[in-house]
Number of protein chains: 2
Amino acid sequence: MSPEMSLEMSPEMSTETDTLPTCSIARALDLVGDRWALLILREAHRGFTRFADFREVLGIAPNILANRLAALVEAGVLEKREYRAEGERTRSSYHLTPAGVDLKIVLAALQQWGDVHVPRADGPTVLRRNTRTGGLATVGFLDENGEPVPAEDVAFEPVPGGPADRRIWR
Amino acid sequence: MSPEMSLEMSPEMSTETDTLPTCSIARALDLVGDRWALLILREAHRGFTRFADFREVLGIAPNILANRLAALVEAGVLEKREYRAEGERTRSSYHLTPAGVDLKIVLAALQQWGDVHVPRADGPTVLRRNTRTGGLATVGFLDENGEPVPAEDVAFEPVPGGPADRRIWR
DNA sequence: TCCCCTGGGTTGCTCGATGCAACCCAGAAC
DNA sequence: GTTCTGGGTTGCATCGAGCAACCCAGGGGA
């Protein structure tokens with residue numbers, strides 16, 4: 001969540017602020033908003049780093065995978081590294097950047113929603129574990145003091161005088 | 001977050017549990033995982049309900065909008081209602097179901113990520129306001145007691161004996 | 001030396017989805 | 001009975017996903 005993360009923004013993306021979508025949800029979706037991108041990032045959070053692993057576990061076509069990985073690297077959420085196992089040649093691997101790590105909460109929120117609203121009969125297959133206490137974690141709203149806030153008390157509020165008032169703003 | 005929400009699941013979706021993707025993130029993405037769906041839902045959370053409003057504010061082609069709205073109704077996150085303003089004929093409107101309302105936390109998490117990692121020079125345009133206290137709300141992890149949990153302490157953990165072990169599970 | 005294996009891709013083709021433009025239809029107002 | 005407005009449908013061009021096949025580099029074994 002560090003503000004200096006913006007240094008990792010995609011370099012070809014214009015620095016002119018008004019060429020970006022006004023809504024931060026739209027900007028986020030421009031980078032990670034397709035099905036494969038989020039599934040790849042889910043696997044990255046599970047610890048996968050190699051092309052062949054992503055391909056096997058997701059059943060994704062190699063050209064699509066190459067395309068998505070390159071886009072995610074460009075978006076600054078994955079980092080391509082070379083590695084070499086002993087007696088092997090150098091290979092490529094893909095690791096989460098801090099921006100990618102910060103997507104954990106987005107994935108967790110989606111997962112929590114899916115578990116509740118599109119359940120399987122055999123229950124959740126992946127849990128969100130608090131590794132410090134051993135308990136389970138949920139995604140929720142917090143106020144400035146770290147106190148939980150009921151979702152129904154939270155409203156999206158356009159900044160007064162901002163551009164989010166009744167025009168095409170995507 | 002009520003469990004009886006599963007009654008609102010898409011009726012054409014098979015009840016056979018093994019035809020659904022194993023991962024709840026994938027199941028969630030099957031319903032709301034394309035760019036337009038999430039942007040439509042964002043507008044629904046801002047209070048928009050009418051076809052023409054969605055169309056105008058998003059700049060979306062009408063056939064795509066009709067397609068997406070129908071899919072979201074079928075997915076159980078929007079509900080189509082007829083309404084009639086006085087002196088007008090009946091019209092259609094689209095309202096969030098409880099499942100749709102529960103997506104607020106997903107949209108908020110995406111928005112928060114976008115504000116941090118793809119910022120605009122003029123700052124956020126939409127805030128998450130705690131309507132009870134007037135403060136701002138953030139999205140975070142909570143433990144069973146409602147205490148905040150640092151994101152780095154939360155890990156995705158496959159259920160032991162579950163299907164999430166090293167095969168194609170999408 | 002030659003061949004094979006493995007990881008990490010690229011190339012070609014097909015086909016469904018997306019986007020735009022144009023058109024349609026119902027009912028109320030004039 | 002014509003117009004206006006909301007809520008769509010239809011036709012066509014294009015784009016991207018998916019699958020299959022192929023490629024290429026380096027290391028290991030015969």
Side-chain angles (χ1 to χ4, degrees), chain A residues 21 26 29-44 47-75 78-95 166-170, chain B residues 10 12 21 26 29-41 43-44 47-75 78-95 166 168-170:
Chain A
L29 292 176
D30 279 343
L31 299 186
V32 298
D34 70 285
R35 174 183 178 74
W36 285 125
L38 284 168
L39 294 181
I40 290 167
L41 290 166
R42 181 198 66 189
E43 297 308 323
F48 288 95
T49 61
R50 282 151 44 206
F51 190 95
D53 286 340
F54 288 121
R55 189 183 169 185
E56 181 191 354
V57 80
L58 291 173
I60 182 176
N63 52 348
I64 305 297
L65 178 56
N67 184 316
R68 287 289 145 251
L69 287 173
L72 291 170
V73 167
E74 185 132 357
L78 287 182
E79 178 193 10
K80 186 174 185 173
R81 293 186 203 156
E82 310 298 319
Y83 75 99
R84 138 170 276 154
E86 57 275 42
E88 300 268 319
R89 74 180 199 274
T90 62
R91 308 222 182 255
S92 301
S93 60
Y94 297 86
H95 298 260
R166 203 51 187 267
R167 52 184 201 85
I168 297 181
W169 68 308
R170 298 248 289 201
Chain B
S10 163
E12 105 290 13
L29 292 176
D30 279 343
L31 300 187
V32 297
D34 70 286
R35 175 182 177 72
W36 285 125
L38 284 167
L39 294 181
I40 290 167
L41 290 166
E43 298 308 323
F48 289 97
T49 62
R50 282 153 43 208
F51 190 95
D53 286 340
F54 289 121
R55 188 181 170 186
E56 181 192 354
V57 80
L58 292 172
I60 181 176
N63 53 347
I64 305 297
L65 178 56
N67 184 314
R68 286 289 145 250
L69 287 173
L72 291 170
V73 167
E74 185 131 358
L78 287 183
E79 179 193 8
K80 186 174 186 172
R81 293 185 203 156
E82 308 300 318
Y83 74 99
R84 139 169 277 153
E86 58 274 44
E88 300 267 318
R89 76 178 198 275
T90 63
R91 309 223 179 253
S92 301
S93 61
Y94 297 86
H95 298 261
R166 200 50 185 268
I168 297 182
W169 67 309
R170 300 251 284 204

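Proteins get letters first, then strands, A, B, ... in listed order; numbering begins at 1 in each.
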#### Entry: For atom CG of B:L58 and atom P of C:dT18, their distance in whole Å
15 Å
### Message
In whole Å, I'd like the distance from the CG atom of B:D30 to the C1' atom of C:dA17.
### Response
16 Å
### Message
Could you tell me how far apart A:I40 (CD1) and C:dG9 (P) are, to the nearest whole angstrom?
### Response
12 Å
### Summary
From CG of A:D34 across to P of C:dA17 the rounded distance in Å is 16 Å
### Task
May I ask you to test the B:P62-B:F51 pair for a side-chain heavy-atom distance under 4.5 Å?
yes
### Side-chain heavy atoms of B:D34 within contact of B:R68, under 4.5 Å
yes
### Message
Quick check: do A:E74 and A:L31 have side-chain heavy atoms less than 4.5 Å from each other?
### Response
no
### Summary
Rounded to whole Å, the CG-P distance (A:L69 to C:dG9) equals 8 Å
### Task
Kindly compute the distance separating CG (A:L39) from CG (A:L65), expressed to the nearest 0.5 Å.
11.5 Å
### Query
Side-chain contact, heavy-atom cut-off 4.5 Å: A:H95 with A:S93?
yes
### Query
Listed by chain and number, what are the side chain to side chain donor-acceptor pair (under 3.5 Å) partners of A:S92, not counting sequence neighbours?
none
### Task
Would you mind reporting whether B:L69 and B:Y94 have side-chain heavy atoms less than 4.5 Å apart?
yes
Pairs under 3.5 Å (N/O, protein and nucleotides 10-12 of chain C):
from	atom 1	to	atom 2	distance (Å)
C:dG12	O6	A:N63	ND2	3.2

Using a cutoff of under 3.5 Å, can you pull out all pairs of nitrogen or oxygen atoms linking the protein to nucleotides 24-27 of chain C, with atom names and distances?
from	atom 1	to	atom 2	distance (Å)
C:dA26	N3	B:R89	NH1	3.4
C:dA26	N3	B:R89	NH2	3.4

#### Entry: Between CG on residue A:L58 and CD on residue A:E43, distance to nearest 0.5 Å
5.0 Å
#### Entry: Whole angstrom value for the distance that separates P of D:dG7 from CZ of B:R55
11 Å
### Query
Within less than 4.0 Å of OP1 or OP2 of D:dG18, is there a side-chain N or O belonging to A:W36?
yes
#### Entry: Nearest listed nucleotide, side chain of B:R50, among D:dG7, C:dG7, D:dG16
D:dG7
### Task
Only counting residues at least two apart or in another chain, list the ones meeting side chain to side chain contact (heavy atoms under 4.5 Å, CB included) with A:A61.
A:N63, A:I64
### Task
Answer yes or no: does a side-chain N or O of B:Y94 lie under 4.0 Å from OP1 or OP2 of D:dG8?
yes
### Separation of atom CG in A:L65 from atom P in D:dG16, rounded to whole Å
18 Å
### Task
Please report, rounded to the nearest Å, how far the C1' atom of C:dC20 is from the CD1 atom of B:I64.
10 Å
### Task
May I ask you to say what B:A52 touches in the nucleic acid, namely base, sugar-phosphate or nothing, with a heavy-atom cut-off under 4.0 Å?
sugar-phosphate
